[in-house]
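The next block holds one structure in the form of structure tokens; read it before the comments.
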Amino acid sequence: MSYAHETRRRRTFAIISHPDAGKTTLTEKLLLFSGAIQIAGSVKARKASRHATSDWMEIEKQRGISVASSVMQMLYRDHVVNLLDTPGHKDFSEDTYRVLTAVDSALMVIDAANGVEAQTRRLIEVCRQRDTPIITFVNKMDREVRDPLDILDEVERELGMPCVPMTWPVGQGKGFGGIVNLRTQAMTVFESGSERRPQDFETVPLTDPASLKARFGHDWDTAMESMELATGASPAFDREAFLAGKQTPVFFGSGVNNFGVMEVLDALVDLAPSPGPRKSSLLVNRQPVEKTVLPDDEGFAGVVFKVQANMDANHRDRIAFVRVASGKYTPGMKLKVQRTAKELRPTSVVTFMSQRREAVDEAYAGDIIGFTTHGGVQLGDTITDGANLQFTGLPFFAPELFMTVILKNPLRTKQLQTGLDQLGEEGAIQVFKPEIGGPMLLGAVGQLQFEVVQHRLKSEYDCDVRLEGCQYTGARWITADTPAELREFTNAYPQRLALDAAGTLAYLCTSPYDVRLAQERFPKIHFHPLREHAGLALGSAG
């Protein structure tokens, strides 16, 4: 039984960018053009009756930003496209990093006025580490923007790889005339308006340059000159180099005006990779042995890269988002969570169209499916129909900010415990339970995470909490070569130890020197700034 035909139809990608580059708007337009939604929401209009399809949480609607990644599936040109919209805000970068482990390519959105911004750099770094192929979309060409050659130059510098222009802009701002498509050798003429469809734009073949010059004058000449410079300086598009993360195809347009978006959608189908092999480890005589899982393998295997509590306020359910790595999912399959060796019995299994969920009839490698459960599943868990695999590579970063949780009403202790357990398992925040007792500690990468968790504890668990500062400024997960060494260390620092949501031991620091001193005193203890999944700390010591 081969699933090759189905897996080759799959495209699974994440949209990444700095906040306000127009990522969520572009997501909407891709959904609109594939026919997945009928009407695009306005992301900015917070009081608008239509909110962006991908921003479903109350706090997102209030602030007009994405704080949780969302998953959408659409059919386009006989391909199944799984799109993951990620939070652009740096305080939620952990969620984005984890999403990047579940995709085969990334679509990077750049604001043409601002170029490559800080948050984009961090995300590029993660893509580079994983050799994730990147397609670049330069957005907002209908505004006053930087010269396209400048932007390409900056993208090349920041990405550390050559850009290959696939479309080229004619004019900008009020004088934006459209884009030249280098693949089809035609110019699509720009007209403003958010209701236009691809077929509504006029297309003029480049075989008639005189009429284009007469129409666009100086802007046409300038565009042709800079396009020649850009294409002369760039290598030809090489799909193998793109798939290896060694070059990026670049598109220009205006997401809000539906312009240049169709070209990106076509590129995702034509150029982006279908699901590839994934690394895992297999336990043989209790020893991990590396195993490569192929998308066409018969056995079902998937990895949980996101857990979301309370997506449906009426049902108090939790959804484990699973990236299928191999085989085929069918309803009623017997599945096992490898970490606990327990059977997984979801109440329902769904695919996503943002808030709309549909029951899954079948899913193949590359698809993202949601298992609705009432607990028992954590980030990084491997789910299979039999094989004892464990996928690796889902990162947890040591938090840099800490707060103590003080419950305003002591009678809500049980609800607080449930809320913190669930939000900790979900990865919305890191929860640490001090070994010596006392209030729970929350660890975050960014300040906004605290605000969101405080908001969610109140609205979803009816827990009013106060968050107070504490002396901790960092944490390191700890492992030791022998149990005796670990015991000696824990006896020496009982005040400094806490367990995280996965039950992994962490050492809490009050200054950067803490770790150095503890390391000098206990050279056989390993301090990890990163852990990859439950009970397993990886990364360089210190």
Side-chain angles (χ1 to χ4, degrees), residues 1 3-4 6-14 69-73 80-84 95 98-104 130 273-283 291-308 318-352 357-373 375-395 425-427 532-534 536:
M1 177 71 206
Y3 300 126
E6 286 297 339
T7 57
R8 296 207 178 111
R9 289 175 62 213
R10 267 50 189 183
R11 299 286 182 274
T12 305
F13 73 99
S69 49
S70 48
V71 178
M72 285 141 280
Q73 189 178 69
V80 179
V81 180
N82 294 292
L83 178 159
L84 285 78
D95 198 22
R98 289 194 277 265
V99 164
L100 287 172
T101 66
V103 298
D104 304 303
R130 309 180 65 82
S274 54
R278 306 223 134 208
K279 283 197 173 70
S280 74
S281 54
L282 194 64
L283 284 178
K291 180 183 190 309
T292 300
V293 175
L294 300 172
D296 305 342
D297 286 353
E298 205 160 312
F300 173 85
V303 64
V304 177
F305 67 93
K306 177 180 170 64
V307 177
Q308 186 74 55
R318 325 186 52 209
I319 290 195
F321 289 73
V322 174
R323 150 76 195 226
V324 182
S326 70
K328 174 183 179 177
Y329 170 81
T330 48
M333 282 180 96
K334 278 205 157 174
L335 296 171
K336 195 165 84 172
V337 179
Q338 291 299 325
R339 177 179 50 85
T340 57
K342 286 185 177 160
E343 196 181 329
L344 177 71
R345 290 192 178 152
T347 50
S348 69
V349 182
V350 292
T351 55
F352 301 92
R357 311 179 194 175
E358 290 171 8
V360 176
D361 296 323
E362 53 182 38
Y364 298 89
D367 286 339
I368 308 292
I369 54 180
F371 289 94
T372 310
T373 71
V377 180
Q378 288 182 1
L379 283 169
D381 274 349
T382 298
I383 294 169
T384 73
D385 62 358
N388 293 317
L389 298 171
Q390 175 64 60
F391 288 103
T392 51
L394 197 75
E425 276 184 21
E426 186 186 305
E532 287 215 347
H533 54 72
L536 196 77

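Everything numeric here is computed off the predicted structure, so don't read it as measured data.
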(Q) Walk me through whether I319 and V307 qualify under side chain to side chain contact (heavy atoms under 4.5 Å, CB included). (A) CA-CA 6 Å; I319 290 195; V307 177; over 6 Å; no
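- The backbone N or O of G299 lies less than 3.5 Å from a partner atom in the side chain of S326, making a donor-acceptor pair.
- From L294, atom CG reaches atom CZ of R278 across 12.0 Å, with rounding to the nearest 0.5 Å.
- Side-chain contact check for L84 versus F305: some heavy-atom pair is nearer than 4.5 Å.
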Q) What do the steps show when you test R130 against T101 for side chain to side chain contact (heavy atoms under 4.5 Å, CB included), and what is the final call? A) CA-CA 8 Å; R130 309 180 65 82; T101 66; 3.6 Å; yes
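- One finds a salt bridge joining D104 and R323 here, because a Lys/Arg side-chain nitrogen approaches an Asp/Glu carboxylate oxygen to under 4.0 Å.
- For the atom pair D381 CG and L344 CG, the distance stands at 9.5 Å (nearest 0.5 Å).
- Proximity of R98 to K306: side-chain heavy atoms (C-beta onward) are nowhere separated by under 4.5 Å.
- Note: D361 CG to Y329 OH = 10.0 Å, rounded to the nearest 0.5 Å.
- Judged by distance alone, the side chain of Q390 and the main-chain N or O of G380 form a donor-acceptor pair under 3.5 Å.
- At least one side-chain heavy atom of R10 sits less than 4.5 Å from a side-chain heavy atom of D367.
- Looking only at side-chain heavy atoms (C-beta outward), F371 and V377 stay at 4.5 Å or farther from each other.
- Without hydrogens or angle criteria, N82 side chain to G366 main chain gives a donor-acceptor distance under 3.5 Å.
- I383 has its side chain out of reach of K336: every pair of non-hydrogen atoms, C-beta onward, lies at least 4.5 Å apart.
- At a threshold of 4.5 Å between non-hydrogen side-chain atoms, the residues F391 and V293 count as touching.
- A donor-acceptor contact shorter than 3.5 Å links the side chain of T347 to the backbone of T372.
- For the pair V303/V322, no side-chain contact is recorded, criterion being any heavy-atom separation below 4.5 Å from C-beta on.
- Using a 4.5 Å heavy-atom threshold, the side chains of T351 and I368 count as separate.
- Side chain of E298 to backbone of K328: no donor-acceptor contact under 3.5 angstrom is found.
- Checked by atom type and distance alone, the side chain of R11 pairs as donor or acceptor with a backbone atom of R8 at under 3.5 Å.
- Around the NZ atom of K291, the shell of radius 6.0 Å holds more than 12 heavy atoms that belong to other residues, nucleotides or ligands.
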